[in-house]
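A short worksheet on the structure shown next.
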Amino acid sequence: MENKSPIGIIGAMEVEVNSIISRLSGEQSESIAGLVFHSGTLEGVPVVVAQCGPGKVNAAVCTQIMILKYSPRLIINTGVAGGVGVKIGDLVAAESCVQHDFDTRALGDKLGTLFIRRGDSETENILELPCDRTAAKVLLEEAKAIYGGAHMGVVATGDEFVADKEKNRWLGEQFGAKAVEMEGGSIAQACYMNGVPCAVLRAISDSANDDSPVDFPAFVRETAEKSAELLIRAVQKL
Ligand code: SAH
């Protein structure tokens, strides 16, 4: 079992990963670039867990380090998000992620198009970063069985806490998003560039509207733990 590649688990905030870290058996940790990687087993499954901090750069750095140091067979991003047409407390498993703030439209590109290096002379243009379908389905089914309110859809990522109903509507119209957050699309890009499967699981902490400054602090703990708990329950099936 020690030789088996771990599942990587990343959350931005302490409340998103703490309950998982506290459940690890045989926990060992190492610090790289100020990020602490906790490895051990979760329900008998080898895992490595890290808190990356909020935003796309933090998340990308953490993901790349995790991939190079631990060779995970799958990386799962767990946490909270603003809902886009989805209720507080519901869960969203990403079918794909987009970076809603990557914008070179002034040069004729489509909003959200990313330019990924594929060697010295090739660039791949990609808008929807794929997530592992099998893992997403396992998480979705588990969420439906335990909590009821669960959805599969596009998760929109950007370096912005969205608390505006117009922007929320725009995210739905532009990308068909069901949730908006600040890390998933960055983790998915780092995974895609390295050929590592990834999944993004988010519990809705707020409605990404005028109420978010009040709803987020009120619901963040409960919803972050909901996502983490679901992941712990599903880990043996992943
Ligand atoms: N000061 C906070 C910053 C949290 S930013 C801290 O202590 O870390 C909000 C976090 O929750 C991000 O990690 C993001 O992924 C998620 N999130 C929840 N609701 C969101 C919303 N409406 N818009 C964007 N991100 C949201």
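Remember, it's 1-based here, ligands and their atoms both numbered in the order they're listed. Along the sequence shown, residues carry numbers from 1.
Counting the atoms of ligand 1 from 1 in the order shown, those under 4.0 Å from a heavy atom of Ala208 are 22 (N). Close approach of ligand 1 to Glu160 (heavy-atom distance below 4.0 Å) involves ligand atoms 23 (N), 24 (C). For ligand 1, the atoms lying closer than 4.0 Å to a non-hydrogen atom of Ala12 are 13 (O). Listed by atom number, the atoms of ligand 1 under 4.0 Å from Arg202 heavy atoms are 15 (O). Under a 4.0 Å criterion applied to the non-hydrogen atoms of Pro54, ligand 1 contributes the atoms 8 (O). Short contacts between ligand 1 and Ser205, defined as distances under 4.0 Å to a heavy atom of the residue, involve ligand atoms 18 (C), 19 (N).
Looking at Asp206 against ligand 1, only its side chain comes within 4.0 Å, counting heavy atoms. Heavy atoms of Lys167 found under 4.0 angstrom from ligand 1: none, in either backbone or side chain. Residue-level proximity to ligand 1 for Ala163 is absent, since no heavy atom of it falls below 4.0 angstrom.
Distance from atom 6 (C) of ligand 1 to its nearest protein heavy atom, with residue and atom name: Met13 SD, 4.2 Å. Of the protein's non-hydrogen atoms, the one nearest atom 5 (S) of ligand 1 is Met182 SD, 3.8 Å. From the protein, the heavy atom lying nearest to atom 20 (C) of ligand 1 is Phe161 CE1, 3.3 Å. Counting only heavy atoms of the protein, atom 12 (C) of ligand 1 lies nearest to Glu183 OE2, 3.5 Å. Of the protein's non-hydrogen atoms, the one nearest atom 23 (N) of ligand 1 is Val162 N, 2.9 Å. At the shortest separation from atom 16 (C) of ligand 1 among protein heavy atoms lies Val80 O, 3.6 Å. When only non-hydrogen protein atoms are considered, atom 11 (O) of ligand 1 lies nearest to Phe216 CE1, 3.5 Å.
Not a single protein heavy atom sits closer than 4.0 Å to atom 1 (N) of ligand 1.
Cluster partners of Leu171 are Val84, Val98, Leu111, Leu127, Val154, Val162, Trp170, Phe175, Val180, counting Ile, Leu, Val, Met, Phe, Trp and Tyr whose side-chain heavy atoms approach within less than 4.5 Å, directly or via other members. Here Val214 sits alone; no ILVMFWY side chain lies under 4.5 Å from its own, so it joins no hydrophobic cluster.
Note that Lys69 lies outside the cation-pi zone of Phe37, set by a 6.0 Å cut-off to the ring centre and a 45° limit from the axis.
Note on Glu183 versus Arg202: salt bridge recorded, some NZ/NE/NH1/NH2 to OD/OE distance being below 4.0 Å. Using a 4.0 Å cut-off between charged nitrogen and carboxylate oxygen, Glu166 and Arg169 count as a salt-bridge pair.
Of the possible donor and acceptor atoms, one in the side chain of Asp159 sits under 3.5 Å from a partner among the backbone N and O of Lys56. In this structure a side-chain-to-backbone donor-acceptor pair under 3.5 Å is missing from Glu229 to Ile232.
Between Ile187 and Cys191 there is a side-chain heavy-atom pair separated by less than 4.5 Å. Side-chain contact between Met193 and Glu124 is absent, with no heavy atoms from C-beta onward closer than 4.5 Å.
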Show your reasoning for whether side chain to side chain contact (heavy atoms under 4.5 Å, CB included) applies to Val15 and Val220.
CA-CA 8 Å; Val15 71; Val220 64; 4.2 Å; yes

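Here the CG-CE distance, from Asp101 to Met182, works out to 9.0 Å after rounding to the nearest 0.5 Å.
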